[in-house]
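In what follows, a single structure is set out as structure tokens and then discussed.
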Amino acid sequence: MVYTTNASTYMGPVEIGLFVAMVLFGCSIVQGYLYFSTFRKDPLVFKAMVAATLALESAYIISVASCVWTMTISSVNDPSLLLVYPIGAELGLVFTIFISGITETFFIYRLVKFSKTLAFPALCGTISFLTVISGMIVAGEAFRMTSVAEFQTTQFRLINLLLVSDSACALLITTGMVYHLRKSRSRGLPR
């Protein structure tokens with residue numbers, strides 16, 4: 001089967017994504033600075049999580065910028081470069097998976113502390129684990145691919161599983177945090 005692809009269908013979103021990611025990266029740098037200057041007595045594990053997240057976000061920005069460079073500059077003289085995702089896109093996916101895993105782990109930990117139960121946080125943890133595993137499989141397949149169109153066709157279900165599980169995990173964690181924070185506030189916990 002011959003696969004064809006329209007590069008503009010994914011070049012535009014990658015460029016827009018880079019611009020948005022750069023703005024959010026700036027916000028993360030400010031948050032990281034405020035965290036390290038304000039919460040000096042936090043446990044070392046929290047500081048390590050924040051530092052790892054910032055390092056991974058830096059690597060993500062570099063990889064996506066590299067991807068945009070390849071798609072918009074390098075491919076001008078060699079359009080065949082657009083038949084596969086640039087290495088920056090694949091690395092960006094790996095970094096995103098690790099960032100998501102670290103962030104979700106922290107919030108699941110907070111959910112355990114607020115809820116004082118394990119059932120709901122365990123559900124969130126299971127979905128987060130499913131997200132990381134499916135993301136690593138998608139990333140592995142992305143590194144092996146020979147055609148963007150073929151990859152999109154053959155990995156469609158797994159990509160959807162990755163996106164749905166990540167969204168479901170974020171929604172469940174957020175819902176659980178809001179519920180337990182409201183419940184704590186009604187019991188007189190300080191703001």
Side-chain angles (χ1 to χ4, degrees), residues 16-65 89-142 155 157-191:
I16 292 168
L18 174 62
F19 296 136
V20 171
M22 289 173 78
V23 169
L24 295 175
F25 178 65
C27 295
S28 294
I29 294 297
V30 170
Q31 283 182 321
Y33 172 77
L34 291 173
Y35 170 77
F36 284 113
S37 63
T38 306
F39 298 100
R40 295 174 195 257
K41 294 182 181 179
D42 262 5
L44 185 59
V45 69
F46 288 167
K47 291 178 182 179
M49 288 174 78
V50 172
T53 302
L54 289 172
L56 287 167
E57 286 181 2
S58 300
Y60 171 79
I61 288 295
I62 292 167
S63 65
V64 175
E90 296 155 350
L91 289 172
L93 176 59
V94 172
F95 297 135
T96 299
I97 293 162
F98 284 121
I99 292 166
S100 178
I102 291 169
T103 306
E104 288 171 352
T105 299
F106 173 76
F107 283 110
I108 291 169
Y109 167 78
R110 298 302 298 159
L111 193 55
V112 168
K113 291 294 188 184
F114 283 124
S115 69
K116 296 181 180 27
T117 64
L118 291 178
F120 187 72
L123 172 66
C124 295
T126 302
I127 296 171
S128 178
F129 184 72
L130 175 66
T131 301
V132 170
I133 295 300
S134 60
M136 294 309 285
I137 293 169
V138 168
E141 292 298 319
Q155 300 303 313
R157 287 191 175 117
L158 192 57
I159 292 168
N160 282 337
L161 173 65
L162 168 64
L163 296 173
V164 168
S165 64
D166 195 37
S167 299
C169 186
L171 183 63
L172 286 172
I173 290 171
T174 303
T175 302
M177 291 293 287
V178 168
Y179 172 78
H180 289 292
L181 285 171
R182 284 182 165 268
K183 189 173 158 183
S184 297
R185 198 167 85 187
S186 68
R187 285 186 274 156
L189 230 92
R191 187 174 171 164

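Atoms considered below: every heavy atom in the structure, side chains included; atoms not considered: hydrogens, waters and symmetry mates.
- The minimum heavy-atom distance between Ser28 and Leu54, with the atom names listed, is O-CD2, 3.5 Å.
- Environment of CZ in Phe98: sparse, with no more than 12 heavy atoms of neighbouring residues, nucleotides or ligands closer than 6.0 Å.
- Rounding to the nearest 0.5 Å gives a distance of 12.0 Å between CG of Leu56 and CD1 of Ile61.
- Counting non-hydrogen atoms of other residues, nucleotides and ligands closer than 6.0 Å to CG of Leu118 gives a total of 12 or fewer.
- Of the inter-residue distances, the one linking Thr96 atom OG1 with Glu57 atom CD reads 9.5 Å to the nearest 0.5 angstrom.
- In this structure, the ring-ring contact (aromatic ring centres under 6.0 Å, His included) partners of Tyr109, at least two apart in sequence or on a different chain, are Phe46.
- In this structure, Ser115 OG and Phe120 CZ are separated by 8.5 Å, a value rounded to the nearest 0.5 Å.
- Atom CD1 in Ile173 sits 5.0 Å away from atom SG in Cys124 (nearest 0.5 Å).
- Of all heavy-atom pairs spanning Lys41 and Lys47, the tightest one is N-NZ, 4.4 Å.
- The environment of Phe129 atom CZ is sparse: at most 12 non-hydrogen atoms of other residues, nucleotides or ligands sit within 6.0 angstrom.
- Take Glu90 and apply the side chain to side chain donor-acceptor pair (under 3.5 Å) test, not counting sequence neighbours, and it matches no residue.
- Looking at every heavy atom in both residues, Leu93 comes nearest to Gly135 through CD2-O, 4.3 Å.
- Scanning all heavy atoms of the two residues, the minimum distance from Ser165 to Thr131 falls at OG-OG1, 2.8 Å.
- Within 6.0 Å of the CZ atom in Phe36, the count of heavy atoms belonging to other residues, nucleotides or ligands exceeds 12.
- Taking each heavy atom of Ala21 and Tyr60 in turn, the nearest pair found is CB-CE2, 3.9 Å.
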#### Entry: side-chain contact (heavy atoms from CB on, under 4.5 Å) evaluation trace for Ile29 with Phe25
CA-CA 6 Å; Ile29 294 297; Phe25 178 65; 3.7 Å; yes
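- In this structure, Ser100 contributes its side chain and Ile97 its backbone to no donor-acceptor pair below 3.5 Å.
- In this structure, Val50 and Gln31 have side chains that are not in contact, with every pair of non-hydrogen atoms separated by 4.5 Å or more.
- In Phe107, the CZ atom is not crowded: 12 or fewer heavy atoms of neighbouring residues, nucleotides or ligands sit closer than 6.0 Å.
- Note: Thr38 OG1 to Tyr33 OH = 8.5 Å, rounded to the nearest 0.5 Å.
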### Message
As a quick check of understanding, evaluate side-chain contact (heavy atoms from CB on, under 4.5 Å) for Tyr35 and Asp42, giving each step before the final call.
### Response
CA-CA 9 Å; Tyr35 170 77; Asp42 262 5; 2.8 Å; yes
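- Judged by distance alone, the side chain of Ser134 and the main-chain N or O of Leu130 form a donor-acceptor pair under 3.5 Å.
- Between Lys116 atom NZ and Leu111 atom CG the span is 11.5 Å, to the nearest 0.5 Å.
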